[in-house]
Chemist: 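Attaching a single structure in structure tokens format; questions to follow.
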Amino acid sequence: MSNTRSEEARQALMGRRQRILRLAAVQAADEELLLSEREPDWADTAAEVRDAAVLDRLVAGERRELAEIDAALGRLQAGAWGVCRACGRPIGRARLRARPEAMVCLACAEHAERRFRLS
Ligand SMILES: [Zn+2]
């Protein structure tokens with residue numbers, strides 16, 4: 001996994017994460033959270049934010065997206081980003097660019113979707 005691609009993904013994920021949190025903070029008029037989001041270390045704020053009542057105000061979709069983003073940032077930090085969790089093969093470059101938070105490769109995602117539709 002090249003460092004440039006990881007770094008690009010990290011920045012894209014951080015940007016989306018910040019947008020979601022800022023939206024939630026604005027909705028909650030939570031000045032403290034708005035200020036804490038300037039803190040560049042995502043791991044610290046992740047723990048804070050998980051406890052914050054402000055998360056209750058996020059709709060389910062945003063909350064799930066935030067969880068996916070945090071998980072992807074964790075994999076990036078652990079050096080495990082970009083590897084399919086189902087088959088262990090590298091996730092395609094185009095898919096990662098479109099969805100840096102993807103946990104499975106396209107083949108596994110399509111396989112899971114087919115199974116879901118059939119059931
Ligand atoms: Zn796979």
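Note that ligands are numbered from 1 as they come in the structure, with each ligand's atoms numbered from 1 the same way. This is a predicted model, so every value here is computed, not measured.
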Chemist: Nearest 0.5 Å, please: how far is SG in C108 from CZ in R89?
Modeler: 7.0 Å
Chemist: Take the Zn ion (ligand 1) and tell me which protein N, O or S atoms are nearer than 2.8 Å.
Modeler: C84 SG, C87 SG, C105 SG, C108 SG
Chemist: Under 4.0 Å between a side-chain nitrogen and a carboxylate oxygen: does that hold for R97 and E8?
Modeler: no
Chemist: Main chain of E101, side chain of R75: is a donor-acceptor contact present, judged purely on distance under 3.5 Å?
Modeler: yes
Chemist: Salt bridge or not for E7 and R10, using N-O below 4.0 Å?
Modeler: yes
Chemist: Taking side chain as C-beta onward, heavy atoms only, is R95 less than 4.5 Å from V104?
Modeler: yes
Chemist: Measure the CD-CD1 distance between E65 and I69 for me, rounded to the nearest 0.5 Å.
Modeler: 4.5 Å
